[in-house]
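Have a look at the structure below before the remarks.
Chain identifiers are assigned alphabetically (A, B, ...) following the order of the sequence lines, protein sequences preceding nucleic acid strands; residue numbering begins at 1 within each chain.
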Protein chains: 2
Amino acid sequence: MKKISQKTIERGVFYIRTLEALLKDGQTLISSNQLANITGFSDAQIRKDISSFGKVGRPGIGYSTAELRNILQDFVLKNEVVHVALFGVGSLGAAILKYPGFHKDGIKLVAAFDKMKNKVGATINGVKVYDPKRAVDVIKKTHADIGVIAVPKEHSQEVADIIVLSGLRGIVNFSPISIAVPKNVMVKNIDLRVEFFSLFCNMQYNCGI
Amino acid sequence: MKKISQKTIERGVFYIRTLEALLKDGQTLISSNQLANITGFSDAQIRKDISSFGKVGRPGIGYSTAELRNILQDFVLKNEVVHVALFGVGSLGAAILKYPGFHKDGIKLVAAFDKMKNKVGATINGVKVYDPKRAVDVIKKTHADIGVIAVPKEHSQEVADIIVLSGLRGIVNFSPISIAVPKNVMVKNIDLRVEFFSLFCNMQYNCGI
DNA sequence: AAAACATTGTTAATTATTTCACGAATTATG
DNA sequence: CATAATTCGTGAAATAATTAACAATGTTTT
């Protein structure tokens with residue numbers, strides 16, 4: 001089996017979301033060129049990415065929107081549902097709980113955790129909030145795959161330790177601080193400051209072009 | 001002037017946040033190797049990145065935490081403050097408004113916009129909420145640099161058009177749909193589904209190693 | 001049915017990024 | 001003081017990612 005690069009996978013997920021939108025509009029065919037115009041990637045890039053998933057398109061015609069979506073989804077998600085455990089039900093955590101479109105898109109929030117006594121026991125958007133002390137148990141029972149850290153940065157490492165201890169091997173970290181984890185645990189950092197700064201900086205450096 | 005790659009800049013912002021934490025802990029010196037252990041990047045990578053900002057370190061010693069932080073900040077932010085205009089004060093928008101640490105970190109939310117009459121006029125965390133109809137005016141008056149899209153996906157394109165019309169050249173798009181903008185406008189897409197999926201997928205592909 | 005056109009899949013070329021490896025600089029130690 | 005131990009900065013080597021180019025294939029038009 002060929003290995004598929006992380007970048008290809010990330011773009012693949014992006015293609016899927018675009019194809020979903022096209023399907024809703026009733027578009028049954030799409031060319032790499034059209035997809036390029038929508039997504040901003042180059043057409044060559046798109047064809048190359050897709051080719052790593054097999055021969056899906058027809059020369060002269062393009063890709064069947066539905067078929068391409070299905071094939072990408074098979075590869076990227078393998079028809080599985082990603083089970084997510086959320087730590088921290090503050091404003092960011094709440095926003096994640098309310099994020100639309102998870103449910104029908106192969107992502108399922110299976111549990112939330114918060115230290116605050118007044119939050120424990122509540123159910124937000126169908127997701128129960130537990131005491132973090134019960135995390136290891138609950139995570140095992142709910143078969144979570146990924147942990148999300150959305151707690152104040154003072155507690156990030158502590159939560160990361162709990163996640164690792166629970167046996168999860170993937171973490172999305174929204175707290176603006178690095179966490180230390182064993183090498184076999186994958187971490188994705190999402191720091192709004194990093195996004196804003198790097199965008200701003202790139203805007204300026206590209207001004208001169 | 002040498003050009004600095006986007007990747008270097010992104011990591012640069014990441015270094016800054018790490019250095020901030022170290023400074024708070026009172027650590028005055030840091031080696032590329034230590035920084036590598038904390039951030040997960042390689043020491044060679046870190047040295048190479050830093051070298052594009054000048055000769056900052058001392059062989060045999062390492063880098064002065066404060067000096068390195070300052071130099072990175074000078075380059076990445078040029079001592080400027082990024083002014084951000086937020087569109088959509090739903091749960092995600094509210095989370096962004098309440099995101100801690102913006103203020104003292106060179107990011108300033110200068111205005112928020114929401115269609116809902118009951119939100120217009122409110123002040124959240126010191127940020128005023130305006131009617132989107134006034135966006136062009138308000139953005140000019142508040143000298144915004146970047147627009148953030150946190151509205152339901154049905155309205156994303158509409159908001160993107162307003163942002164472009166207002167003269168902004170950078171957009172952070174949290175809505176799970178692609179937006180069409182002129183080529184000279186930079187867009188950063190942040191789609192939670194993409195993050196979750198690609199992390200999960202990578203976890204599986206790397207399992208076999 | 002031939003010519004013109006559109007579009008994929010893929011190999012080769014190009015460009016970008018990361019890692020390696022080591023000289024130079026600095027401190028610590030015997 | 002000389003030797004060992006650190007650690008930076010950097011050019012060269014190795015990888016990775018993107019783009020370009022085009023043969024192959026299918027459609028449309030006349």
Side-chain angles (χ1 to χ4, degrees), chain A residues 2-15 19 22 27-72 75 183 198 201-202 205-206 209, chain B residues 2-15 18-19 22 27-72 75 183 198 202 205-206 209:
Chain A
K2 301 170 277 205
K3 78 167 180 192
I4 295 168
S5 85
Q6 177 154 350
K7 297 232 171 187
T8 295
I9 289 169
E10 279 170 17
R11 283 190 299 264
V13 179
F14 206 92
Y15 302 153
L19 294 167
L22 291 171
Q27 186 171 340
T28 55
L29 279 174
I30 180 90
S31 71
S32 58
N33 194 271
Q34 286 178 284
L35 209 45
N37 287 334
I38 299 173
T39 62
F41 301 114
S42 77
D43 58 343
Q45 176 98 82
I46 288 171
R47 287 199 301 280
K48 180 137 231 169
D49 281 341
I50 293 174
S51 77
S52 56
F53 300 115
K55 294 194 184 185
V56 192
R58 283 195 297 158
I61 310 281
Y63 304 92
S64 148
T65 316
E67 192 191 352
L68 180 54
R69 193 266 318 258
N70 293 342
I71 286 180
L72 288 176
F75 260 87
K183 273 189 192 139
S198 65
C201 191
N202 282 128
Y205 276 92
N206 291 346
I209 297 176
Chain B
K2 300 172 276 207
K3 78 168 182 194
I4 295 168
S5 85
Q6 176 155 352
K7 299 234 170 187
T8 295
I9 288 169
E10 280 172 15
R11 283 190 297 265
V13 180
F14 205 93
Y15 302 151
T18 305
L19 295 167
L22 291 170
Q27 186 170 339
T28 55
L29 279 175
I30 179 88
S31 72
S32 57
N33 195 271
Q34 287 178 285
L35 208 45
N37 288 335
I38 298 173
T39 61
F41 301 113
S42 78
D43 57 344
Q45 175 100 81
I46 289 171
R47 286 199 301 280
K48 185 133 234 174
D49 281 340
I50 293 173
S51 78
S52 56
F53 301 115
K55 294 193 185 189
V56 191
R58 282 197 296 160
I61 310 281
Y63 303 92
S64 148
T65 316
E67 192 192 352
L68 180 54
R69 193 270 314 261
N70 292 343
I71 285 181
L72 288 177
F75 261 87
K183 274 190 190 134
S198 66
N202 282 129
Y205 276 91
N206 291 346
I209 297 175

Quiz item: Under the criterion side chain to side chain contact (heavy atoms under 4.5 Å, CB included), which of A:V13, A:D49, A:L19 is the partner of A:L72?
Solution: A:L19
Practice problem: Check for a donor-acceptor pair, side chain of B:S52 on one end and backbone N or O of B:I4 on the other, with a separation under 3.5 Å. | Solution: no
Quiz prompt | OP1 or OP2 of C:dT19 under 4.0 Å from side-chain N/O of B:Q45 | solution = yes
Quiz prompt | Minimum side-chain heavy-atom gap B:I30-B:T18 below 4.5 Å | solution = no
Practice problem: Would you mind reading off the distance between A:D43 atom CG and C:dA6 atom P, rounded to a whole angstrom? | Solution: 14 Å
Quiz item: How many Å lie between NZ on B:K55 and C1' on C:dT26, as a whole number?
Solution: 15 Å
Quiz item: Starting at NZ of B:K7 and ending at C1' of C:dT15, how long is that distance when rounded to a whole Å?
Solution: 13 Å
Quiz item: Could you state the CG-P distance from B:D49 to C:dA16, rounded to the nearest angstrom?
Solution: 16 Å
Quiz item: Which pair of non-hydrogen atoms, one from B:F41 and one from B:A36, has the smallest distance, and what is that distance?
Solution: O-CB, 3.1 Å
Self-check item: Spacing between B:K48 atom NZ and C:dT18 atom P, to the nearest angstrom
Solution: 11 Å
Practice problem: For A:L68 and C:dT7, give me the distance from atom CG to atom P, rounded to whole Å. | Solution: 15 Å
Quiz prompt | Residue met sooner reading DNA chain D from 5', once A:I61 and A:R47 are mapped to nucleotides | solution = A:R47
Quiz prompt | Atom of B:L29, atom of B:T65 and distance for their closest heavy-atom approach | solution = N-OG1, 3.2 Å
Quiz item: Nearest heavy-atom pair of B:V56 and B:E67: which atoms, and what distance?
Solution: O-OE1, 4.0 Å
Quiz prompt | Spacing of OG belonging to A:S42 relative to CG belonging to A:N33, to within rounding of 0.5 Å | solution = 10.0 Å
Exercise. Could you check how far CZ of A:F53 sits from P of C:dT8, rounded to whole Å?
Key: 16 Å
Exercise. For the side chain of B:S42, starting at C-beta, report the closest nucleotide among C:dA12, C:dT19, C:dT17.
Key: C:dT19
Practice problem: Please figure out whether B:G62 or A:T8 has its closest DNA chain D nucleotide nearer the 5' end. | Solution: B:G62
Self-check item: Side-chain N,O (A:Y63) to OP1/OP2 (C:dA6) below 4.0 Å
Solution: no
Quiz item: Base, sugar-phosphate, or nothing for B:R58, non-hydrogen atoms under 4.0 angstrom?
Solution: sugar-phosphate
Quiz item: Taking the side chain of A:S32 as heavy atoms from C-beta outward, which of C:dA24, C:dG9, C:dT8 is closest to it?
Solution: C:dT8
Quiz prompt | For chain B, the stretch of DNA chain D it reaches, first to last nucleotide, under 4.0 Å of its heavy atoms | solution = D:dT6 to D:dA12
Quiz item: When you measure from the side chain of B:R11, which nucleotide among C:dT18, C:dT7, C:dT27 comes out closest?
Solution: C:dT18
